[in-house]
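Below, chains carry the letters A, B, ... as their sequence lines are ordered, and counting in each starts from 1.
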2 protein chains.
Amino acid sequence: MSSENNDSILKLERFLPYRLSILSNKVSSLVADIYKDKFAISITEWRIMAVLGEYPDISADEISAKTQIEKSILSRSVSKLLKRKLIERDMAEDDKRRSVIRLSTTGKSVYDEIVPLSYEYERALLKCFTKEEQAQFSALIDQLYEHASSLQI
Amino acid sequence: MSSENNDSILKLERFLPYRLSILSNKVSSLVADIYKDKFAISITEWRIMAVLGEYPDISADEISAKTQIEKSILSRSVSKLLKRKLIERDMAEDDKRRSVIRLSTTGKSVYDEIVPLSYEYERALLKCFTKEEQAQFSALIDQLYEHASSLQI
DNA sequence: CTAAATTGGTTGCCATTGCAACTATTAGCT
DNA sequence: AGCTAATAGTTGCAATGGCAACCAATTTAG
């Protein structure tokens with residue numbers, strides 16, 4: 001008999017943070033491939049375009065708040081998207097620090113192509129759940145996220 | 001009335017891949033802080049140590065299979081752990097390509113300290129669920145992961 | 001009104017990531 | 001045996017991430 005009791009070993013493959021990370025990577029890398037292959041766009045860039053599709057004419061800071069993208073990464077991604085003319089930027093009249101960003105015409109057309117693909121992918125993903133399970137899973141994610149946030153210092 | 005129908009806008013904050021990514025990042029960054037603050041160890045390094053705690057004397061390739069860590073990243077992490085004497089490595093007798101890796105005495109003692117912390121964190125996380133919800137969530141994760149894997153080419 | 005603090009955004013720098021090319025060893029074929 | 005393919009692991013390199021320092025504009029406090 002081993003001197004170990006069960007608690008002294010960690011079953012990594014059943015450890016929740018690990019499982020979430022693996023699941024998220026799998027799910028995200030599949031979307032990333034779609035965006036990258038068809039539009040040469042990264043997940044980060046897509047997220048920026050996604051919020052701009054929903055909320056036009058917002059500042060970098062507001063994008064950062066909505067997407068959780070760190071501001072230096074955001075700044076560099078915005079530069080790239082500007083160079084590729086997928087977005088446009090002005091400075092706010094009333095506050096010359098604040099930028100005002102929106103999708104360009106090209107950007108909007110790319111956005112309009114990606115949105116249905118994204119929904120289709122999500123639908124395909126959720127096919128493995130019943131409607132009820134979908135609702136459960138969604139609620140549990142929100143619940144856990146809420147709780148995890150409260151654990152932070 | 002807008003000319004847009006609802007499908008032409010993507011609500012990023014309700015998009016499953018995005019939500020999973022945000023949740024996973026939150027959960028992982030909390031653990032990462034614990035490991036980093038107390039043991040100056042990264043998540044990647046911890047995962048390597050975790051499988052070695054469970055399966056001593058396995059090869060880098062087997063670690064890679066169990067943790068999903070890409071082999072170049074694994075190689076560099078193993079070098080670091082060797083330098084810090086948290087793990088030990090020999091080459092297999094029967095196959096001089098294959099390494100045989102295990103936790104060192106120091107590594108084992110670090111492992112023995114981290115394991116209960118990890119379980120405690122997981123327990124704290126899951127506090128927001130009833131036993132039933134825990135089981136549901138766990139099952140749904142497995143189900144979705146399985147399904148997502150099948151979507152891959 | 002002015003000095004200090006705050007805010008929005010950019011940049012420098014270093015660590016991490018991940019693909020691809022490479023070395024060394026072993027396995028498979030004929 | 002001898003040649004080719006596959007496998008284990010390392011390394012080069014370019015892209016990405018993220019902290020911290022920084023600049024400029026604005027707000028706040030005295």
Side-chain angles (χ1 to χ4, degrees), chain A residues 21-22 24-26 28-33 35-37 39-48 51-52 55 57-84 87-102, chain B residues 21-22 24-26 28-33 35-37 40-48 51-52 57-84 87-102:
Chain A
S21 161
I22 298 288
S24 169
N25 283 347
K26 171 85 68 184
S28 282
S29 72
L30 288 173
V31 222
D33 288 346
Y35 300 159
K36 182 153 239 166
D37 290 353
F39 306 97
I41 256 177
S42 74
I43 288 276
T44 302
E45 287 159 358
W46 166 244
R47 285 186 184 166
I48 296 171
V51 289
L52 290 175
Y55 309 97
D57 296 303
I58 60 177
S59 70
D61 218 46
E62 289 169 302
I63 297 176
S64 173
K66 286 183 192 303
T67 58
Q68 314 252 52
I69 298 171
E70 200 264 344
K71 65 178 187 165
S72 69
I73 296 167
L74 185 67
S75 170
R76 286 187 262 250
S77 296
V78 163
S79 299
K80 268 194 213 168
L81 290 171
L82 282 171
K83 232 174 256 166
R84 292 179 56 191
I87 62 175
E88 291 162 357
R89 177 174 62 177
D90 294 313
M91 287 303 158
E93 292 285 310
D94 55 325
D95 185 342
K96 284 166 217 150
R97 293 169 304 180
R98 178 175 293 118
S99 55
V100 181
I101 308 176
R102 80 200 74 79
Chain B
S21 162
I22 298 288
S24 168
N25 283 346
K26 171 84 72 186
S28 282
S29 72
L30 288 173
V31 221
D33 287 347
Y35 299 160
K36 182 154 239 164
D37 289 353
I41 255 177
S42 74
I43 288 274
T44 302
E45 287 159 0
W46 165 245
R47 285 186 183 165
I48 295 170
V51 289
L52 289 174
D57 296 304
I58 61 178
S59 70
D61 217 47
E62 288 170 303
I63 297 176
S64 173
K66 287 183 192 302
T67 58
Q68 313 252 54
I69 299 171
E70 200 263 344
K71 65 177 187 165
S72 68
I73 296 167
L74 185 67
S75 170
R76 287 187 263 250
S77 296
V78 163
S79 300
K80 270 195 211 167
L81 290 171
L82 282 172
K83 233 174 255 166
R84 292 180 55 193
I87 62 176
E88 291 163 356
R89 177 173 62 177
D90 294 313
M91 287 304 157
E93 291 286 310
D94 55 324
D95 185 342
K96 284 165 217 152
R97 294 169 304 182
R98 178 175 293 118
S99 56
V100 181
I101 308 177
R102 79 199 76 80

Let me have a per-nucleotide readout for nucleotides 13-19 of chain D, 5' to 3', with B, S or -, counting only protein heavy atoms under 4.0 Å. B--SSBB
Taking atom OG of A:Ser29 and atom CD1 of A:Ile43, what is their separation to the nearest 0.5 Å? 8.5 Å
Within the distance-only criterion (no hydrogens, no angle test), does the side chain of B:Ser64 pair as donor or acceptor with the backbone N or O of B:Ile69 below 3.5 angstrom? yes
Indicate the atoms forming the closest heavy-atom contact of A:Ile48 with A:Ser77, along with that distance. CD1-CB, 3.5 Å
Heavy atoms of B:Arg84 and B:Ile41 approach each other most closely as NH1-CG1, 3.9 Å
Rounded to whole angstroms, how far apart are CD1 on B:Ile69 and C1' on D:dG9? 15 Å
Would you indicate, yes or no, if C:dT10 has its OP1 or OP2 atom less than 4.0 angstrom from a side-chain nitrogen or oxygen of A:Arg89? yes
Whole angstroms only, please: what is the CD1-C1' distance between B:Ile43 and C:dA15? 16 Å
Nearest non-hydrogen partners of B:Met91 and B:Val100, listed with the distance: C-CG2, 4.3 Å
Report, one pair per line, the protein and nucleotides 1-5 of chain D atoms (nitrogen or oxygen only) whose separation is under 3.5 Å.
none

Among B:Asp61, B:Thr44, B:Ile63, side chain to side chain contact (heavy atoms under 4.5 Å, CB included) partner for B:Leu74: B:Ile63
Indicate whether OP1 or OP2 belonging to C:dG9 is found under 4.0 Å from a side-chain N or O atom of A:Ser99. yes
Interatomic distance, B:Asp95 CG vs C:dG28 P [rounded to whole Å]: 12 Å
Could you state the atom-to-atom distance from CG of B:Asp61 to C1' of D:dA6 in whole Å? 12 Å
Mind checking B:Asn25 for me? I need base, sugar-phosphate or nothing, with any heavy atom below 4.0 Å counting as a touch. nothing
Donor-acceptor pair, side chain of B:Ser99 and main chain of B:Ser59, under 3.5 angstrom: no
Integer-rounded Å distance: D:dA25 P and A:Asp90 CG: 17 Å
What contact category does A:Ser59 fall into here, base, sugar-phosphate, or nothing, at under 4.0 angstrom with non-hydrogen atoms? sugar-phosphate
Is B:Lys96 touching bases, backbone alone, or none of the nucleic acid, heavy atoms closer than 4.0 Å? sugar-phosphate
Rounded off to whole Å, could you give me the CG-to-C1' distance for the A:Leu81 and C:dG9 pair? 16 Å
When the distance from CE of B:Met91 to P of C:dT23 is rounded to whole Å, what number comes out? 18 Å
Side-chain donor/acceptor of A:Ser28 to backbone N/O of A:Asn25, under 3.5 Å: no
Do A:Arg97 and D:dA25 share a donor-acceptor pair, side chain to base, under 3.5 Å? yes
Apply the test side chain to side chain contact (heavy atoms under 4.5 Å, CB included) to residues A:Tyr55 and A:Lys66: give CA-CA distance (whole Å), side-chain angles for both, the deciding distance (0.1 Å), then the verdict. CA-CA 10 Å; A:Tyr55 309 97; A:Lys66 286 183 192 303; 3.6 Å; yes
Spacing of A:Glu93 atom CD relative to D:dA25 atom C1', expressed in whole Å: 15 Å
